[in-house]
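All chains are named by letter (A, B, ...) in the order of the sequence lines, taking the proteins before the strands, and each is independently numbered beginning at 1.
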Amino acid sequence: MPEGHTIHRHARLQRRHLVGKRVAAWSPQGRFADGAARLDGGTVRDIRAVGKHLFYEWGTSDGTATGELLHIHLGLFGKFRTFVDEPPAPTEGTRLALRTIEGEDAAGTTIYLAGATVVDIVSPPEEEAIRGRLGPDPLDRKADPSRFVAAMRRRRLPIGEALLDQKAISGIGNVYRAEMLFRAGLDPDTPAADLTEDQVMGLWDDAVTLLRLGEKSGRIVTVEPADVGRRSRGRLPRDEQRYVYKRHDRPCHRCGTPIVMWTPRSRTIWGCPTCQGLARA
DNA sequence: TACATATGATCAT
DNA sequence: TGATCCTATGTAA
């Protein structure tokens with residue numbers, strides 16, 4: 001389930017297992033055999049997440065930087081599986097396997113990766129080039145939201161499409177864009193440039209709130225508990241976790257109006273005709 | 001066995 | 001705008 005929160009969460013959890021460790025690397029599927037061979041037996045010095053990208057800084061077996069970075073982008077289907085005990089055999093599509101090399105009696109941690117759009121080895125300048133193409137990341141405490149504001153001000157593009165543009169803001173995906181626009185009471189078809197600066201900053205602040213929550217919990221829960229008659233966000237039934245995403249024909253949690261869906265640029269979006277004043281409805 | 005589906009992004013036309 | 005790439009899963013046939 002890879003929007004930005006998932007990527008940052010993977011980085012945080014994998015750091016605990018991998019950083020400072022020597023790891024074996026191989027490619028069960030074979031399509032990353034050469035890359036895995038270059039990484040095999042080296043150490044992981046750091047793992048960094050930015051937007052939907054992951055960078056693993058590699059070192060030699062004694063920890064010296066090699067100038068090689070494992071770069072991963074999960075795309076739509078990419079998945080990690082982590083095993084702290086003896087792992088099962090990898091699935092056929094497993095492109096990369098990493099396993100920590102521990103002492104005699106420790107099993108080590110094994111991580112399998114399948115389905116990713118990008119698995120390659122890049123140099124530090126290439127990492128910088130990729131970062132340079134990305135807008136500010138709501139999960140980066142040093143991010144500069146004014147870059148997002150500026151990007152929105154100069155775009156006639158509908159805000160619903162602009163939010164998916166990783167050059168404008170990085171890490172937002174199809175679930176968060178729909179949910180953020182509902183929470184802001186905005187029609188996704190509104191041209192980005194028509195929003196006030198306060199509205200754009202409001203979207204940024206909400207992205208920070210929601211992605212941080214998602215990074216902590218590993219799930220995307222966007223409803224305010226009061227809207228579904230609850231006291232907390234814990235263990236909500238599936239239909240009560242979100243306001244609009246995949247809730248077409250279901251009643252809005254705030255006003256009861258049936259949620260509608262449409263598909264601009266082959267990315268389905270959902271909205272409440274009443275709460276978001278949908279022009280198309 | 002087949003097909004639909006998925007929280008992404010790029011490239012060609 | 002449409003085709004394409006990536007893989008696993010659930011449902012239908």
Spacing between [X] atom [atom1] and [N] atom [atom2], to the nearest angstrom:
X        : N     : atom1 : atom2 : result
A/Leu54  : B/dA9 : CG    : C1'   : 16 Å
A/His53  : B/dA9 : NE2   : P     : 7 Å
A/Ile220 : B/dA6 : CD1   : C1'   : 12 Å
A/Arg265 : C/dG2 : CZ    : P     : 12 Å
A/Glu179 : B/dT7 : CD    : P     : 13 Å
A/Arg242 : B/dA6 : CZ    : C1'   : 12 Å
A/Phe32  : C/dC5 : CZ    : P     : 21 Å
A/Tyr176 : B/dA6 : OH    : C1'   : 16 Å

Legend entry - Members sharing A/Leu69's hydrophobic cluster (side chains within less than 4.5 Å):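 Members besides A/Leu69, by chain and number: A/Val50, A/Phe55, A/Val122, A/Ile130, A/Leu134.
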Inset, instruction - Using the C1' atom as the reference point in each nucleotide, state the distance between C/dA8 and B/dT10 in Å, no decimals. - result: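 The same atom, C1', in both gives a distance of 22 Å.
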Legend entry - Pairwise P distance, C/dA13 and B/dT5 [rounded to whole Å]: 13 Å
Any side-chain heavy atom of [X] within less than 4.5 Å of one from [Y]?
X        : Y        : answer
A/Leu186 : A/Leu203 : yes
A/Leu213 : A/Arg233 : yes
A/Glu86  : A/Thr110 : no

Legend entry - Separation of A/Arg95 CZ from A/Gln29 CD (nearest 0.5 Å): 5.5 Å
Legend entry - Interatomic spacing from CG in A/Leu74 to CG in A/Leu113 - rounded to 0.5 Å: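 Between A/Leu74 CG and A/Leu113 CG, I get 6.5 Å after rounding to 0.5 Å.
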Inset, instruction - Consider only side-chain heavy atoms of I, L, V, M, F, W and Y, link residues closer than 4.5 Å, and tell whether A/Val208 and A/Phe182 are in one cluster. - result: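 Yes.
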Inset, instruction - Following the transitive rule for hydrophobic clusters with a side-chain heavy-atom cut-off under 4.5 Å over Ile, Leu, Val, Met, Phe, Trp and Tyr, establish whether A/Ile121 and A/Leu54 coincide in one cluster. - result: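 A/Ile121 and A/Leu54: one cluster.
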Inset, instruction - Please work out which residues in residues 123-137 of chain A have a non-hydrogen atom less than 4.0 Å from an atom of DNA chain C and list them by number. - result: none
Are any protein N/O atoms closer than 3.5 Å to N/O atoms in nucleotides 11-13 of chain B? If there are, list each pair with its distance.
none

Legend entry - A/Tyr243 six-ring face occupied by A/Arg183 cation (under 6.0 Å, within 45°): no
Legend entry - Non-neighbouring partners of A/Arg231 that pass side chain to side chain contact (heavy atoms under 4.5 Å, CB included), sequence neighbours left out: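 If we apply the side chain to side chain contact (heavy atoms under 4.5 Å, CB included) test to A/Arg231, skipping adjacent residues, there are no hits.
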Interface polar pairs with nucleotides 6-9 of chain C, N/O, under 3.5 angstrom:
from, atom 1, to, atom 2, distance (Å)
C/dC6, OP1, A/Arg31, NH1, 2.9
C/dC6, OP1, A/Arg31, NH2, 3.2
C/dC6, O5', A/Arg31, NH1, 3.4
C/dC6, O3', A/Arg95, NH2, 3.0
C/dT7, OP1, A/Gln29, NE2, 2.4
C/dA8, OP1, A/Thr91, OG1, 2.4

Inset, instruction - With pairs defined as Watson-Crick or G-U wobble and both distances under 3.5 angstrom, please note down DNA chain B as a dot-bracket string, | for pairing with another strand. - result: ||||||.|||||.
Inset, instruction - Looking at every strand, decide which applies to A/Lys167 at a 4.0 Å heavy-atom threshold: base, sugar-phosphate, or nothing. - result: nothing
Just jot down the ring pair (Phe, Tyr, Trp, His ring centres under 6.0 Å) partners of [X], sequence neighbours excluded, or say none.
X       : answer
A/His73 : A/His53
A/Tyr56 : none
A/Phe83 : A/Tyr112

Inset, instruction - Look at the side-chain N and O atoms of A/Tyr245 and state whether any lies under 4.0 Å from the OP1 or OP2 oxygen of B/dT7. - result: yes
Inset, instruction - Ignoring backbone atoms, establish whether A/His73 has a side-chain N or O less than 4.0 Å from OP1 or OP2 of B/dA9. - result: yes
Inset, instruction - List in chain and number order the residues that pass side chain to side chain donor-acceptor pair (under 3.5 Å) with A/Asp239, two or more places apart in sequence or in another chain; answer none if no residue qualifies. - result: A/Arg247, A/Arg250
Legend entry - Salt-bridge criterion met for A/Glu161 and A/Arg177 (N-O under 4.0 Å):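 Salt bridge: no.
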Inset, instruction - Using a strict cut-off of less than 4.0 Å between a Lys/Arg side-chain nitrogen and an Asp/Glu carboxylate oxygen, indicate whether A/Arg22 and A/Glu102 qualify as a salt bridge. - result: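 No.
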Inset, instruction - Return the residues of residues 185-192 of chain A meeting this criterion: a heavy atom under 4.0 Å from some atom of DNA chain B. Order them by number, or give none. - result: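 Nothing qualifies; none.
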Inset, instruction - Using salt bridge (charged side-chain N to carboxylate O under 4.0 Å, His left out) as the criterion, list what pairs up with A/Glu179, not counting sequence neighbours. - result: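 Partners of A/Glu179 under the salt bridge (charged side-chain N to carboxylate O under 4.0 Å, His left out) test: none.
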